[in-house]
Structures are given as C-alpha cells and as structure tokens.
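For reference, the structure discussed in these notes is given below.
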Amino acid sequence: MLFAVAVFAPLFGSAIAGLFGKAIGDRAAQAVSILCMLLASACGVTAFVQLVYLGGSPGVVSLGTWVQAGSFHVDWALRYDALSAVMVAMVTTVATLIHIYSLGYMSHDATRWRFFSYLSLFSFAMLMLVTGDNLLQLFFGWEGVGLASYLLIGYWYDRPAACAAAIKAFLVNRIGDLGFALGIALVFFTFGSIDLSTIFAGVPQHQADTYTLFGTSWRAYEVIGTLLFIGAMGKSAQLGLHVWLPDAMEGPTPVSALIHAATMVTAGVFLMARFSPVMEYAPYALAFVTFIGASTALFAATVGCVQNDIKRVIAYSTCSQLGYMFIAAGVGAYQASMFHLLTHAFFKALLFLAAGSVIHAMSDEQDIRRMGGIWKKIPITYGVFWVGSLALAGIYPFAGFYSKDAILEAAYAAHTGIGTYGFWCGLIAAFLTAFYSWRLIILTFHGKPRADAHTMAHVHESPAVMTIPLILLAVGATVTGFTFYEPLTGPNWTQFWGHSIQLAAGNNVLETLHHVPDWVELSPSLVGIAGILLAYLYYVAAPRLPVLVAGHFPPVYRFLLNKWYFDELYDAVLVRPSFALARVLWKVGDATIIDGVPNGLAALTAGGSAQVVKLQTGSIAVYAFAMLIGVVVLSLLVLLLLVVR
Amino acid sequence: MNVVGFPLLSLLTWLPLVGGLIIMSVRGDEAAVAANARWTALWTSLVVFALSLVLWARFDHADPGFQFVETAAWLPQWGITYKMGVDGISVLFVLLSTALTPICILASWDSITVRVREYMLAFLILETMMVGMFCALDFVVFYMFFEGVLIPMYLIIGVWGGVRRVYAAVKFFLYTLAGSVLMLLALLAMWYLAGTTDIPTLLHTQFPPAMQTWLFLAFLASFAVKVPMWPVHTWLPDAHVEAPTAGSVILAGVLLKMGAYGFLRFSVPMLPAASASLAPLMFALSVIAVIYTSYVALAQEDMKKLIAYSSVAHMGVVTIGIFTFNVQGISGALFQMLSHGIVSAALFLCVGVIYDRIHSREIARYGGLADRMPAYAFVFMLFTLASVGLPGTSGFVGEFLVLLGAFKVNFWLALLGSMGMILGAAYMLYLYRRIIFGTLTRAELRDILDLSPREVAVFAPLVILTLWMGVYPSSFTGFWDASVGAMVEHHQAALAAAVTLAGGLH
C-alpha cells in the first residue's frame with residue numbers, strides 16, 4: 001500500500017500541476033507537486049526500510065488487467081522486492097531534493113507549473129519502470145521516462161537546439177526500444193508469459209530452447225539477453241547509441257541531474273539486474289554487455305577530457321560511469337553494478353546541481369573557458385563540488401571509492417578475457433576521470449577570472465532552497481559508500497537483496513572480488529591520485545602544457561574534441577540519406593511512377609476518346625478508365641503472384 | 001428476434017436517413033435552414049450514438065457468433081435476404097461510426113457555411129451506409145452499403161473540398177470503384193458456387209483451392225484500395241488534402257477500416273488456403289507500406305498529407321496483423337484499427353483547428369503556437385504520442401500485439417513491420433516541432449485563439465477514449481476475444497483439412 005502511494009503520488013502531483021497549473025498559479029502547482037513528492041519519498045523510504053531492515057516480506061500489488069489477447073495476459077502490478085524497494089527509495093529521495101532545488105533554479109521561469117508537472121511525470125514513469133512486475137509494465141515506464149526526457153530536454157521549446165536535442169533523444173532511444181520490444185516478444189514465445197515470476201520460475205526448463213536467426217540456431221537466452229541489452233544501450237547511452245546524452249544537456253540543469261545522471265539513464269543497468277536470473281545463463285550476451293560497457297567507459301572518459309561546456313563534461317562522465325556499471329553486470333556482479341548505480345545517483349546528481357549553481361552564479365554561462373576565480377564567492381557550491389568530484393574519482397572515503405573498486409575488482413576477479421578487458425579499460429578510465437574532474441574544478445573555480453566584469457560582479461551563492469539539497473546530496477555522496485558496501489556486495493548479500501538478484505550456480509565473483517591481489521585493490525586509488533596530479537600540473541603548475549600537447553597532436557585533439565566524429569558519421573550515413581530518400585520516394589516513387597500510371601491512362605483515354613470517337617461522353621471514358629485500372633491491378637497481382645511462387 | 005426485442009441494428013442503420021428526410025423537408029431563409037440542419041443532424045447522430053450504446057451494454061462477450069441478428073425476406077428466389085447482425089469483429093466498428101459522426105457534425109459547425117443542408121444530409125447518409133456495412137450479414141446487402149459509402153463521400157470531397165477537389169474526388173471514386181468491380185465478380189462467383197449470399201453460410205463453405213486464389217485476388221483489388229495498401233495508396237493523400245476536415249475525419253476514422261474489415265470478414269475466413277499461400281505477398285506489401293510511406297511522410301510540407309501518409313503506414317501494421325493468423329496478431333490489428341480510427345481522426349481535427357483560423361495547411365506557415373495555444377498544444381501532443389504508439393495511449397496496444405503476432409511468424413517481419421516505431425516518431429515529432437515549438441514570428445499567428453468551448457467538446461471524448469484504450473484496453477479486446485479465437489481455430493482447422501485432403505490424394 002505504502003508502495004503504491006509512493007508510485008502514484010507523483011502522478012497525482014503531475015496531473016494537478018499540469019492540468020490546473022495555469023489556473024491555480026505557479027506557487028500552488030509547485031506546492032502540490034513537492035508535497036506529493038515528499039509523501040512519495042516518505043512512503044518509498046519506509047517501504048524500503050520495512051523490507052530490508054525490519055524483515056518485511058516481498059510481494060506484488062496487483063492493480064488490474066492491462067492487455068489481454070488469447071494466451072497473452074498482462075496486469076498492472078507493482079513488484080515489491082529489494083531491487084525495486086532500493087530503487088524506489090533512491091528515486092523518490094533524489095527526485096524530491098531536485099524538486100526542491102528547482103524552486104530556486106527555475107524561479108525566473110515563466111511556466112514553472114509546466115516544469116514541475118513534467119518533473120513529477122518523470123518521477124512517476126521512473127517508479128513504474130522500477131516496480132514493473134512484468135516486462136510490459138517495465139516497458140511502459142521505460143517509454144514514459146523517454147517521453148518525460150523528451151519534454152524536459154525540449155522544455156525551452158523556443159530554442160532550436162533544445163528541440164533538436166529532444167527529438168534526437170527520443171529517436172535514438174526508440175531504436176533501443178525496438179530491440180527491447182522484440183526481446184519481450186521472444187520472452188513471451190519462450191516462457192509463455194512476460195510476468196517476471198513466471199519467467200524466473202521457468203528458467204531451468206527452457207535452458208536448451210533455441211531461436212533461429214541469420215540462418216544459425218542460437219540459445220534463446222542469448223538472443224533475449226542481447227535484445228534487452230540493445231534497449232539498455234539506448235536508455236543508458238552506451239557506445240553507438242550514446243549520441244543523444246550530451247545533446248540532452250540543452251534541458252534545464254535539474255533535469256540533467258535527475259534524468260540524465262541519477263535515474264533514467266541507469267534504467268538499463270537496473271534492467272540487467274532485474275533480469276539477472278535469465279542473463280546469468282546467457283554468457284555471450286553478458287560478454288557483449290561487458291565489452292560495450294568497458295568501451296563506453298573508456299571512450300566517454302577520453303572525450304570528457306577536452307570538452308569545454310561544464311555540463312557536457314559531466315554528461316560524458318555519466319556516460320563513462322554507466323559503462324562501469326555494465327562492466328560489473330557483464331561479469332555477473334549485478335550487486336556491484338547496483339551499488340555503483342546507487343552511489344553514482346548521489347554524487348552525479350550533486351555534481352550536476354552544483355554545476356547548475358555555478359551556471360546560476362555566472363549569469364547562465366556554461367563555457368569553462370569563461371569562468372575561473374570564483375571559488376571564494378560561492379564557497380558552498382565549491383565545497384560540494386569537491387565532494388562530488390572526490391566521490392567520482394574514487395578517493396577514500398567517498399562513495400565512489402567503494403563502488404568503483406568493487407566493479408574493477410569484480411572485473412579482474414572474473415578471470416575471463418572480457419573481464420580483463422573491462423578491468424584495464426576501467427582502470428585507464430579511472431585515471432582520465434580524475435584528470436577531467438580536476439581540470440573542471442580548476443578551470444571553473446580557480447585561476448584568474450575570465451568572465452567579463454559585469455558577470456563577475458553578479459557572482460553570488462545560491463539561495464538556501466538550492467544549497468540545502470546540495471548539502472544533503474553531498475552527505476549522500478559521502479556516506480552511501482561505506483554504509484552500503486558490506487550489505488550490498490559483501491558475502492552476505494542475500495540478506496539485503498533476497499531473491500531479487502539471482503546468480504548462476506557457478507558464479508562466485510562476489511566472493512573472489514574480496515580476494516584479489518593487493519595491486520588490483522590499490523591501483524584505482526593510485527591512478528585517481530595520479531589523474532588529479534596531472535590536472536594540477538596541466539592547469540596550475542604549467543598552464544602552457546595543455547596547449548603545447550594539443551598543438552603537437554592536432555589530429556588526436558580534434559578527434560577527441562569532435563567526440564570521435566559520431567555525430568558527423570550518423571548525420572552522413574543516417575540522417576541526410578533518410579531525408580534524401582524521403583524526397584525521392586515521394587517525388588519519384590509516388591508522384592511520378594505510381595501516379596503516372598493512372599494519370600497517363602486517364603490522359604490516354606480522354607485524349608484518345610476525344611480524337612477517335614467524338615460521340616463518346618465523359619462518363620463512358622471514366623468507365624473505361626475504371627475498368628482499365630482494374631485490369632492493370634489484376635495483371636500486376638498475377639505477375640506478383642507468379643514471382644512469389 | 002434478438003436480446004433487445006426490437007430490430008436495433010436496422011434502427012441504427014436507417015435512423016440517420018430519417019434525420020436526413022427531416023432536414024430535406026425544412027424550408028425557410030438560408031440562415032434558418034442552416035441552423036435547423038445543423039441541430040437536426042447533431043441530435044439525430046446523438047440519438048443514434050445513444051442507441052448504439054445498447055450494443056456495448058448488451059453484447060455477449062462469451063459468444064463468438066453473430067448477435068442481434070435480424071432477417072427479412074428480400075429476394076428469396078435468388079437466395080438473397082436482408083440480414084443484419086454483429087459479432088466481436090464488427091460490433092465496435094459500429095460504435096466507432098456512431099461516435100465519430102456527431103463529432104464530425106460538431107467539427108463542421110462553423111467551418112461549413114455553404115449548402116449546409118446538403119452537407120449535413122450527406123453525413124447522415126454516410127452514417128447509414130457505414131453502420132449498414134458493418135452490420136450486413138448478406139453479401140449483397142454488404143456490397144450495396146460498401147459501394148454506397150462512396151457516393152456521399154465523393155460529394156463531400158467534390159462539393160465542400162479545397163481547390164483541387166474535383167481531381168481528388170474523381171481519383172478517389174475511380175480507384176475505389178475499379179476495385180469494387182472485381183469484388184462484384186467475386187460476389188457473383190461465390191453466389192454461383194454456394195448458391196447463397198448469406199455470410200454466415202459462406203463462412204463455412206469450402207471453396208476449391210484454385211478458385212480461392214482468384215477470389216482472393218478479386219477481393220484484394222477492392223480491399224487493398226480501401227485500406228489503402230501500397231502501391232494503390234496515392235488517392236488517399238489527395239482525397240485528404242482536398243476534403244473538408246470532417247470528411248478527412250470520417251475517411252481516416254471509418255472508411256479506411258472498411259478494407260481491413262473486408263479482409264477479416266471475407267478473405268481470411270472464407271478463403272483460408274489462398275490467404276495462407278498469399279500471406280507472404282500481403283506481408284511484403286504491408287512492410288513496404290510501413291517503411292515507404294513513413295519516409296514519404298517525413299518529406300511532406302502539407303500537414304494533412306503528412307497525416308494521410310502516416311495513415312497508410314499505420315494501416316500497414318493492421319494488414320500485417322491480419323495475415324499472421326494468430327490471436328495476438330489479429331487482436332492487435334483490430335485494436336490498431338480502432339485506435340487509428342480515434343487517433344487519426346483526432347489528428348485531422350487538430351489540423352482543422354488551425355486551418356479554420358489561418359486557412360493554410362502548409363507546415364512552414366506555422367511555428368511557436370505553444371505560447372498562444374497551450375490547450376491546443378496539449379491535445380495535439382497527446383494525439384501525436386498516441387500516433388507514435390507510446391505505452392499508456394491506445395496506439396501502443398495494437399502495435400505491440402501485432403509485433404507479438406508477427407514475431408510468431410518471423411523475426412524479420414516483426415522487425416521491419418515495427419520500423420514505424422522509429423520512423424513514426426521521426427515524422428510526427430518533426431511535424432509537432434515545426435508547428436507548435438519554436439518562436440512565434442509570423443504576424444498573423446500573433447492573435448491566434450486557443451481552443452473554443454465547442455472544440456474542447458469535440459476533443460474531450462477523443463482524449464478520454466485514447467487514454468482509456470491505452471490504460472484499460474481489455475475492456476475493448478474483451479468484445480472480440482471469443483470471435484477472434486474462433487476465427488483462428490477455424491482457419492487452422494480449414495488448413496489442416498486441406499492438408500489431409502491433399503495427403504489423401506497423393
């Protein structure tokens with residue numbers, strides 16, 4: 001019951017703010033949506049504590065039939081287990097803080113009711129996603145968060161860049177979603193149901209099932225795992241389908257913090273954990289997961305090192321950190337990936353909101369080349385930015401230290417080729433992460449002011465509605481690491497997770513990750529510190545160095561600055577050809593060829609009848625034409641039939 | 001008689017015509033006649049709709065056969081009777097027709113100013129023809145209504161249409177008539193073979209396999225044009241562009257369903273062998289329709305044309321679903337038909353709203369309407385999302401069920417048939433962006449007004465239906481679950497019988 005309130009309170013808030021916001025005014029709309037979120041987080045956290053610490057029992061809250069067609073039956077139902085409870089608690093908490101922060105951040109906006117309505121709508125969809133008791137409801141939430149993301153990226157709809165980014169996000173996600181939908185179909189034909197309980201119970205029976213694709217017979221689990229992961233790649237911005245995430249920064253900063261850092265983009269990771277009972281028996285699909293995750297972690301970190309937009313640096317960082325989570329999922333350490341998801345939610349939301357506070361202070365400036373010298377003027381923001389960066393870089397005792405170490409150790413402990421690939425990519429990325437984080441801190445806050453005097457005169461610390469959420473998130477970014485390390489990834493993980501995460505019989509990566517060699521345990525911290533030192537050398541001690549390095553390797557620098565040319569590639573291969581093809585099909589296919597036949601016939605008939613048989617009336621010509629079409633269609637079809645046979 | 005004790009279906013069919021007769025008898029000055037015609041038409045269609053709700057309430061979900069059946073002798077010496085009845089496949093289309101007609105009349109309230117009396121008359125005749133077609137249980141009766149629909153629609157486009165209305169109307173008429181001629185031949189052949197035109201009897205008649213192919217092709221010629229399937233779809237964009245808003249609404253909402261209904265009523269159950277052997281052809285044409293017309297929609301500069309092309313793509317999903325011959329596929333096709341009937345109708349109404357104000361369908365003439373028309377932006381967004389099949393709206397359920405059905409047939413069919421998920425989002429969001437988003441720069445848009453109370457009344461039922469169908473679709477699928485199940489079983493049994501027969505010969 002509490003659980004249902006946690007899920008539906010945001011929907012209520014969104015509906016009130018959205019439908020009546022204009023009538024009741026911004027203040028009332030904000031009040032309603034924030035009160036609903038407070039209620040939701042109270043219920044969400046209580047439900048979590050009850051289940052995990054007070055010995056509550058997991059269950060399902062059924063709400064009624066949704067889709068029904070023959071043997072295909074799907075209910076609206078909320079699944080209450082450790083995995084969903086921890087996500088609900090995290091999502092409602094972070095979302096509430098961001099709602100409150102937005103009071104300050106959006107205070108100059110003209111249509112605040114609309115913003116709060118969208119934000120609450122997003123929270124509802126995200127909660128439906130994590131509580132879905134069947135794949136279709138999960139998909140409902142999945143597409144719902146996509147919609148909210150689209151609406152919020154394009155929130156400032158008068159900006160062309162925002163509109164373009166919104167459509168791009170929706171379309172790229174749709175590509176992944178198509179994979180997801182096909183995956184659901186295959187699950188249905190393998191297990192005869194898409195209810196999670198039925199699927200998981202049927203895992204042993206369908207081990208040997210196969211599915212034929214590309215002329216080869218595959219194990220059904222491998223195909224299912226791969227298709228679902230394609231969905232995860234879209235939503236979690238993994239290499240190839242990542243292009244929408246950096247552009248999504250066109251949305252207001254609280255949106256970037258909530259959707260594009262803490263919650264929505266982690267849905268793919270959640271899906272892997274949710275589907276662990278099946279994924280565990282799809283080793284090739286899992287290897288693919290680690291491969292993509294590791295490659296993304298490294299790729300995004302390299303790009304993050306040269307970006308100049310404060311939000312884009314953090315966006316690439318998010319992309320990279322999501323890669324880490326997939327590395328862990330792919331080696332069967334779902335607990336470690338969920339742990340990183342949790343800590344990341346706090347420190348990345350913190351970083352984005354702190355960046356928002358900087359942008360707010362700098363009169364909407366986002367380019368770090370025009371910042372600097374402001375740390376004394378905004379001490380709270382500066383302080384929490386440090387906390388977030390320390391957590392991100394994995395420095396003891398901040399949250400990221402625990403979760404990132406767990407992932408890298410798990411990758412190493414897997415002792416597979418792909419695990420080792422994941423480990424090394426992750427390690428290099430950890431170095432780059434620390435480097436770009438301190439590059440960001442130094443360029444944003446230190447050195448001589450590079451903004452104009454007018455902007456500098458206006459630099460001010462944000463109001464309390466913004467700094468208090470920042471401080472609370474900073475606390476989260478500090479304590480979630482050592483608090484949850486043992487329960488989530490320790491040897492007694494089943495006490496926390498219950499049956500919500502299931503491992504295959506031979507999977508003992510979670511035990512072995514605690515017994516890796518010392519150098520593996522130490523190396524993430526060491527490369528982190530090295531990255532910080534390099535950033536210090538580059539941007540404080542010898543500020544001429546970066547220019548020099550960039551000057552010596554211009555192709556490399558341009559390659560990174562242009563984000564490996566993914567956008568240009570897609571534009572040349574997909575976007576432009578699509579529009580060109582669209583015009584050709586319309587002007588040539590439809591207007592010339594298909595319409596040419598009847599128009600030509602009409603002209604022929606009309607012309608012929610006019611010249612040859614003057615007696616003929618128009619209506620007879622029309623009839624003749626009608627019959628001609630019939631004959632043409634019929635003979636075409638017969639031809640087609642012959643070809644088909 | 002039937003469960004309600006009076007000939008409900010005949011009443012639903014002919015009552016609009018009575019309203020039409022009343023309109024005809026009105027005399028007086030032009031303004032009075034127009035007002036009278038509007039109110040009479042509205043009340044008639046509302047009464048018909050209210051009566052049709054009896055169908056919703058009293059239809060027996062568990063019965064897969066025909067209900068509310070009524071029979072009257074007509075031409076007994078030829079084996080032709082006047083017979084009406086509905087089953088799970090047709091009953092909701094009767095409701096769709098009776099629900100959209102009052103909406104159309106309300107939508108035309110201010111925008112039609114010339115020959116109002118004749119216009120309203122045409123719509124009431126159209127309603128008679130549509131309802132009669134979905135209720136007909138005799139092939140000849142069906143054929144008459146099926147063809148009869150053409151006449152009022154032809155007039156609506158040709159008289160109250162846009163600049164190129166005559167070209168569009170003639171094209172519409174010829175395309176559809178051409179196919180119909182072949183269906184008439186098929187009708188004659190079936191009557192000759194079976195000795196009756198009674199549809200329930202024909203459903204259980206086994207036609208020889210060779211004959212089935214020819215009959216199927218003849219039906220195809222007629223139904224493919226109506227759906228419309230690629231490559232006989234080009235009449236549709238022209239018809240839509242020139243038709244008045246309400247004409248487009250009925251055309252997209254109900255008339256496009258006639259072809260798909262024909263496949264489900266005749267081709268699949270009566271000609272199982274030919275349906276099965278020609279399914280690959282149907283799949284090929286449908287997949288081409290989905291992808292090809294989605295691309296064409298992307299390039300459109302005219303709002304109505306864009307939505308017309310999107311209709312072709314969406315109906316491609318329907319024809320895929322029908323020819324999967326499994327419960328999910330056919331159920332999905334029916335749901336998609338119903339959903340498209342609501343959503344595309346609503347989208348044409350959305351176009352109508354701004355066309356009434358600015359008198360242009362050109363996308364480039366708009367932009368930035370969100371500031372001035374927030375309610376309109378909300379409604380348009382909702383139907384855009386339903387059109388791209390977002391879960392929670394009606395558009396998702398049908399598309400997903402068809403995907404399930406198609407997946408049972410073939411992975412690639414499911415993949416290619418679902419490309420509309422991506423392409424549909426591309427052209428619809430691109431359209432929305434160009435009309436609603438951006439900055440308002442054009443002077444004539446500055447004083448544009450948001451939805452009037454009358455327009456809100458037009459959209460409200462459609463908004464509710466779209467969400468209701470998305471959140472609780474089983475209240476709709478329940479109507480046809482039994483009928484579709486029986487149909488799929490019948491189809492499989494017929495194919496199995498054919499195989500046994502062939503096996504026995506060898």
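Reminder, nothing fancy here: chain letters follow the sequence lines and each chain counts from 1. As a basis for the values below, the full set of heavy atoms in this structure was taken, side chains included, without hydrogen atoms, waters or symmetry mates.
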**Request:** Classify the ring geometry between B:F400 and A:F72 as parallel (under 30°), tilted (30 to 60°) or perpendicular (over 60°).
**Result:** tilted
**Item:** Student check: side-chain heavy atoms of A:L186 and B:F411 closer than 4.5 Å
**Value:** no
**Message:** Less than 4.5 Å to any heavy atom of chain B: does that hold for the side chain of A:W76, its backbone, both, or neither?
**Reply:** side chain
**Request:** Check each atom of B:P237 against the heavy atoms of chain A and say whether the ones under 4.5 Å are side chain, backbone, both or neither.
**Result:** neither
**Toward chain B, the part of A:Y150 with a non-hydrogen atom under 4.5 Å** = side chain
**Request:** Drop me the distance from B:L298's CG to A:W586's CH2, to the nearest 0.5 angstrom.
**Result:** 11.5 Å
**Request:** Identify which part of B:V488 has an atom lying under 4.5 Å from any heavy atom of chain A, answering side chain, backbone, both or neither.
**Result:** neither
**Prompt:** Heavy-atom distance under 4.5 Å to chain A: side chain of B:V484, backbone, both or neither?
**Reply:** neither
**Asked** Below 6.0 angstrom between ring centroids: does that apply to A:Y157 and B:Y432?
**Response** no
**Asked** So do the side chains of A:S578 and B:Y295 get within less than 4.5 Å of each other, counting heavy atoms only?
**Response** yes
**Message:** What part of B:L415 gets within 4.5 angstrom of chain A, counting heavy atoms only: side chain, backbone, both, or neither?
**Reply:** both
**Asked** Would you say the ring centroid of B:F437 lies under 6.0 angstrom from that of A:W156?
**Response** no
**Message:** Strictly below 4.0 Å, N to O, side chains only: are B:E301 and A:K587 in salt-bridge contact?
**Reply:** no
**Asked** Heavy atoms, side chains only, cut-off 4.5 Å: are A:D590 and B:H233 in contact?
**Response** yes
**Interface moiety of B:Y430 toward chain A, non-hydrogen atoms closer than 4.5 Å** = both
**Complete:** Among residues 389-397 of chain B, residues within the sub-4.5 Å heavy-atom range of chain A, in order of number, are B:G389, B:L390, B:P391, B:G392, B:F396, B:V397
**Message:** Walk me through whether B:M421 and A:I175 qualify under side chain to side chain contact (heavy atoms under 4.5 Å, CB included).
**Reply:** CA-CA 8 Å; B:M421 251 180 84; A:I175 296 173; over 6 Å; no
**Asked** Is chain A contacted by the side chain of B:N326, its backbone, both, or neither, given a heavy-atom distance below 4.5 Å?
**Response** neither
**Message:** With side chain to side chain contact (heavy atoms under 4.5 Å, CB included) as the criterion, how do A:Q68 and B:S331 come out once you've worked through the C-alpha distance, each side chain's angles and the decisive distance to 0.1 Å?
**Reply:** CA-CA 9 Å; A:Q68 160 73 45; B:S331 199; over 6 Å; no
**Request:** Counting only heavy atoms closer than 4.5 Å, note whether A:F189 contacts chain B via side chain, backbone, both or neither.
**Result:** side chain
**Prompt:** chain B heavy atoms under 4.5 Å from A:L585: which part of the residue, side chain, backbone, both or neither?
**Reply:** both
**Request:** Could you tell me whether the side chain of B:Q328 and the main chain of A:A69 form a donor-acceptor pair under 3.5 Å?
**Result:** yes
**Prompt:** Side chain, backbone, both or neither: which part of A:A164 has an atom under 4.5 Å from a heavy atom of chain B?
**Reply:** both
